[in-house]
S.K.: 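Before anything else, here's the structure in question.
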Amino acid sequence: MSTPLNLDHLRPCLEGMVPSGIATCGVDGMPNITYVSQLMYVDPEHVALSFQFFNKTRENILANPVATVLMMDPETAARYRLTIRYLRTETAGPLFERMKAKLAGIASHEGMTGVFRLLGADVYRVQGIEAVPGRELPPVTSGPALLPALRRSVDALSACQSLDGLIDSFCSSLERNFGIQHQMLLMADEPACRLYIVASRGYAHSGTGAEIPYGVGVIGVAAREKVPIRIMYPASDYAYSRMLRDQAAASELAERLETAIPLPGLPEPASQMAVPIMAGSRLVAVAYVESQRECHFGYDLEDALVALGASAGLAMAALLCAEASAEEAAEPPGGPAVAAPSGEPLRVRHFLRDGSVFLGDDYLIKGVAGSILWRLLSDHQHSGRREFTNRELRLDPALRLPEVCDNLEARLILLQRRLQERSDCLRIEKTGRGRFRLDLGRPVVLVPQETA
Amino acid sequence: MTDTSPHPDALDPAMAAFITSHLSMQLAATDGAGLATAVRCVGCRVSPDRRRITLLMPRSQALPVLAGIAANGRVAVVFNEPESYRTVQLKGRDARIEAPLPEDAEALLPYAAGFARNLAALQVPEPYVRALVSCAPDDLVAVSFSPSEAYGQTPGPRAGRRLAPGEMET
């Protein structure tokens with residue numbers, strides 16, 4: 001072998017698709033061998049093993065930390081022996097959560113849901129890798145070549161001039177360059193510890209505006225831990241269909257169900273991955289992809305999406321910053337007077353408690369986006385104004401925007417998209433950096449509500 | 001040879017039937033300095049009196065394992081039925097390396113076919129299984145031992161429990 005074996009090239013062996021064996025040696029000199037549910041790649045020098053039960057393997061490694069793993073490539077059947085040394089056990093944090101999610105998929109796949117409970121991620125240093133001879137199948141190449149796909153996607157992102165365009169470019173890149181058919185992009189609302197969908201592809205309903213709290217499901221855990229979460233098999237513990245049922249059961253207010261925007265998503269995804277989109281150390285968004293095929297997203301795709309996410313996150317932060325600074329120069333526009341719309345008036349209700357807005361009887365949006373719409377419609381009603389600036393919204397204390405990272409632009413995009421989907425007579429159109437226009441196709445009647 | 005009364009150390013017939021039912025098998029040995037190592041096996045037979053088990057494996061894949069067995073005779077073997085996850089580990093202290101019998105080479109193909117059938121339930125393609133357990137007949141080596149300990153290792157909180165004589169893992 002001309003080049004030494006590197007764990008980076010052997011990551012398919014560490015997906016848990018073919019169980020690995022771990023051989024340990026007791027203090028009495030007797031060997032012990034068992035199959036392991038999960039052996040996970042940490043970095044080129046480290047792997048992690050799931051610690052679920054106190055067993056002989058664990059007793060042995062605590063007394064004598066050196067072990068051998070015999071692992072197989074799930075495509076070629078190539079075999080490798082790793083000599084590993086136990087270092088420590090992590091019981092919380094990103095590695096633990098990655099392993100917990102992955103294990104949930106394996107447990108579900110093996111009919112062991114409720115049996116497998118992760119107590120810790122045992123981290124081992126890899127001291128040696130030996131290729132074991134034997135017959136191998138030729139490697140299979142499937143899916144797009146990832147580096148060219150990544151480069152095309154980064155090129156496309158860097159050409160974007162607006163956050164709106166960037167969001168669409170990101171989703172199109174996943175679709176066209178990476179062949180991903182089902183995806184959601186969720187913006188982070190850091191102060192509220194929630195994420196909301198701004199774009200999705202591959203579903204009957206876009207789910208724009210639907211929210212996921214940090215820590216819930218694959219997406220929420222990825223956001224809370226700021227780490228990619230990837231599951232190779234259907235995992236009922238992380239399925240959003242179940243989460244929705246649980247949330248409905250736990251909800252103290254029945255009307256919450258009416259106001260919630262249903263999450264899109266495959267009913268029983270066989271593969272799932274959520275990738276945090278970071279601007280430096282700040283979470284900006286989470287990209288979520290899923291598939292009906294098992295084992296569809298591997299370590300390499302995870303790497304590619306993390307790299308793409310890093311590029312997208314910085315671009316998003318830069319655009320948000322540029323929008324904000326452009327607003328400084330933007331004068332509050334007067335705009336030409338426009339004839340009042342005619343037709344049957346649309347009744348718009350606004351609930352102060354959560355900012356939710358209903359068009360007629362139909363729920364539109366809540367939170368900051370809902371309050372923004374209410375403020376625009378109220379202004380229009382009083383003064384006939386249709387032209388607005390981001391800056392005046394930012395300065396409006398009634399909107400209660402956080403002082404830093406308010407993501408106002410993202411909320412306007414959310415509102416704009418939600419109106420496009422849910423209303424045939426209300427529109428918000430961007431008219432320049434930090435400026436936008438409210439379009440009304442019908443007169444509106446504003447009905448403030450004190451409580452929900 | 002014709003004595004039919006089981007020896008007290010003989011494997012339970014159900015255990016003997018289980019471990020020869022074309023399972024996933026790995027054999028471990030230790031090097032005397034505290035390092036255990038392992039190899040995948042490609043066949044298993046049980047002696048007529050059920051007191052000795054013989055594992056078959058490719059010699060080219062087993063070199064560190066064979067060195068350990070030659071030095072101290074201590075072995076552990078894990079048997080796993082993929083579809084049911086039923087798993088058993090047997091250990092012995094008197095392992096020795098042997099030349100395979102002529103029928104051992106003949107058993108390679110039936111083992112591969114049976115193992116492939118076992119894995120078909122998990123959608124593992126047959127060519128993959130055949131590659132995984134392929135062994136040239138002239139590369140075959142046998143390791144036999146008298147099992148002195150048995151452990152149930154089916155995943156779950158009871159994994160690792162020592163099995164009493166005659167007890168079968170469920």
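Within every chain, numbering begins at 1; the chains are lettered A, B, ... in the order of the sequence lines, protein sequences first and strands thereafter. This one's a predicted model, so the numbers in the text were calculated from it and none came from an experiment.
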S.K.: Does a side-chain heavy-atom distance below 4.5 Å link A:Lys56 with B:Gln153?
M.R.: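 No - every pair of side-chain heavy atoms lies 4.5 Å or more apart.
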
S.K.: Does the side chain of B:Gln61 come within less than 4.5 Å of A:Arg79's, by heavy atoms?
M.R.: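 They are in contact (side-chain heavy atoms under 4.5 Å apart), so the answer is yes.
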
S.K.: Need one label for A:Glu75: side chain, backbone, both or neither, based on atoms under 4.5 Å from any heavy atom in chain B.
M.R.: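 For A:Glu75, backbone heavy atoms alone lie under 4.5 Å from chain B.
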
S.K.: What are the two closest heavy atoms between A:Asp73 and B:Tyr128, and how far apart are they?
M.R.: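 For A:Asp73 and B:Tyr128, the tightest heavy-atom pair comes out as O-OH, 2.6 Å.
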
S.K.: Find the one option among B:Ala62, B:Ser60, B:Pro58, B:Gly34 whose heavy-atom pairs under 4.5 Å with chain A are most numerous.
M.R.: B:Gly34

S.K.: What do the steps show when you test B:Thr37 against A:Arg81 for side-chain contact (heavy atoms from CB on, under 4.5 Å), and what is the final call?
M.R.: CA-CA 8 Å; B:Thr37 185; A:Arg81 280 192 198 98; 3.4 Å; yes

S.K.: Top residue by heavy-atom pair count (under 4.5 Å) with chain B, among A:Val66, A:Thr76, A:Ile33, A:Val132?
M.R.: A:Ile33

S.K.: Measure B:Pro82 against the heavy atoms of chain A and call it side chain, backbone, both or neither at under 4.5 Å.
M.R.: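 Nothing of B:Pro82, per the 4.5 Å heavy-atom cut-off to chain A.
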
S.K.: Is it true that atom CD of B:Glu83 has more than 12 heavy atoms of other residues, nucleotides or ligands lying nearer than 6.0 Å?
M.R.: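 Not more than 12 within 6.0 Å, no.
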
S.K.: Measure B:Val124 against the heavy atoms of chain A and call it side chain, backbone, both or neither at under 4.5 Å.
M.R.: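 Neither part.
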
S.K.: Please report the shortest heavy-atom distance between B:Arg74 and A:Asp28, naming the atom on each side.
M.R.: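 Nearest pair, atom of B:Arg74 first, then A:Asp28: NH1-O, 3.2 Å.
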
S.K.: Of all heavy-atom pairs between B:Leu35 and A:Thr68, which one has the smallest distance, and what is that distance?
M.R.: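 Where B:Leu35 meets A:Thr68 most closely, the heavy atoms are CD1-OG1, 3.7 Å.
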
S.K.: Supply the atom-to-atom distance B:Leu132 CG to A:Glu136 CD, rounded to the nearest 0.5 angstrom.
M.R.: 11.0 Å

S.K.: Only pairs of heavy atoms separated by less than 4.5 Å count here; which of B:Ser24, B:Gly68, B:Pro127 has the most with chain A?
M.R.: B:Ser24

S.K.: What part of A:Asn64 lies closer than 4.5 angstrom to a heavy atom of chain B: side chain, backbone, both or neither?
M.R.: side chain

S.K.: Side chain, backbone, both or neither: which part of B:Ala38 has a heavy atom under 4.5 Å from chain A?
M.R.: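 Contact with chain A is through both the backbone and side chain of B:Ala38.
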
S.K.: Identify which of B:Pro125, B:Gly32, B:Ser134, B:Cys135 forms the greatest number of heavy-atom pairs closer than 4.5 Å to chain A.
M.R.: B:Ser134

S.K.: Any idea which of A:Pro31, A:Ala77, A:Gly21 has the most non-hydrogen atom pairs under 4.5 angstrom with chain B?
M.R.: A:Pro31

S.K.: About how many Å separate OH of B:Tyr85 and OH of A:Tyr35, when rounded to the nearest 0.5 Å?
M.R.: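 A:Tyr35 OH to B:Tyr85 OH: 13.0 Å, rounded to 0.5 Å.
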
S.K.: Would you say the side chain of B:Gln26 lies within less than 4.5 Å of the side chain of A:Thr34, judging by non-hydrogen atoms?
M.R.: no

S.K.: With side chains defined as the heavy atoms from C-beta onward, is the minimum distance between B:Arg40 and A:Met72 less than 4.5 Å?
M.R.: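 B:Arg40 reaches A:Met72 side chain to side chain.
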
S.K.: Taking B:Asn72, B:Leu63, B:Val39 one by one, which has the highest count of heavy-atom pairs under 4.5 Å against chain A?
M.R.: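 Heavy-atom pair counts peak at B:Val39.
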
S.K.: Of the backbone (N, CA, C, O) and the side chain (C-beta and beyond), which part of B:Gln89 lies under 4.5 Å from a heavy atom of chain A, both, or neither?
M.R.: side chain

S.K.: Around A:Glu90, counting heavy atoms of other residues, nucleotides and ligands shown, do more than 12 lie under 6.0 Å from its CD?
M.R.: yes

S.K.: Please round to the nearest 0.5 Å and tell me the distance separating atom CZ of A:Arg135 and atom CZ of B:Arg130.
M.R.: 8.5 Å

S.K.: Under 4.5 Å from any heavy atom of chain B, what part of A:Val18 do you find: side chain, backbone, both or neither?
M.R.: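 Looking at A:Val18, just its side chain touches chain B.
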
S.K.: With chain B as the partner, which of A:Asn55, A:Leu70, A:Thr24 has the greatest number of non-hydrogen pairs under 4.5 Å?
M.R.: A:Leu70

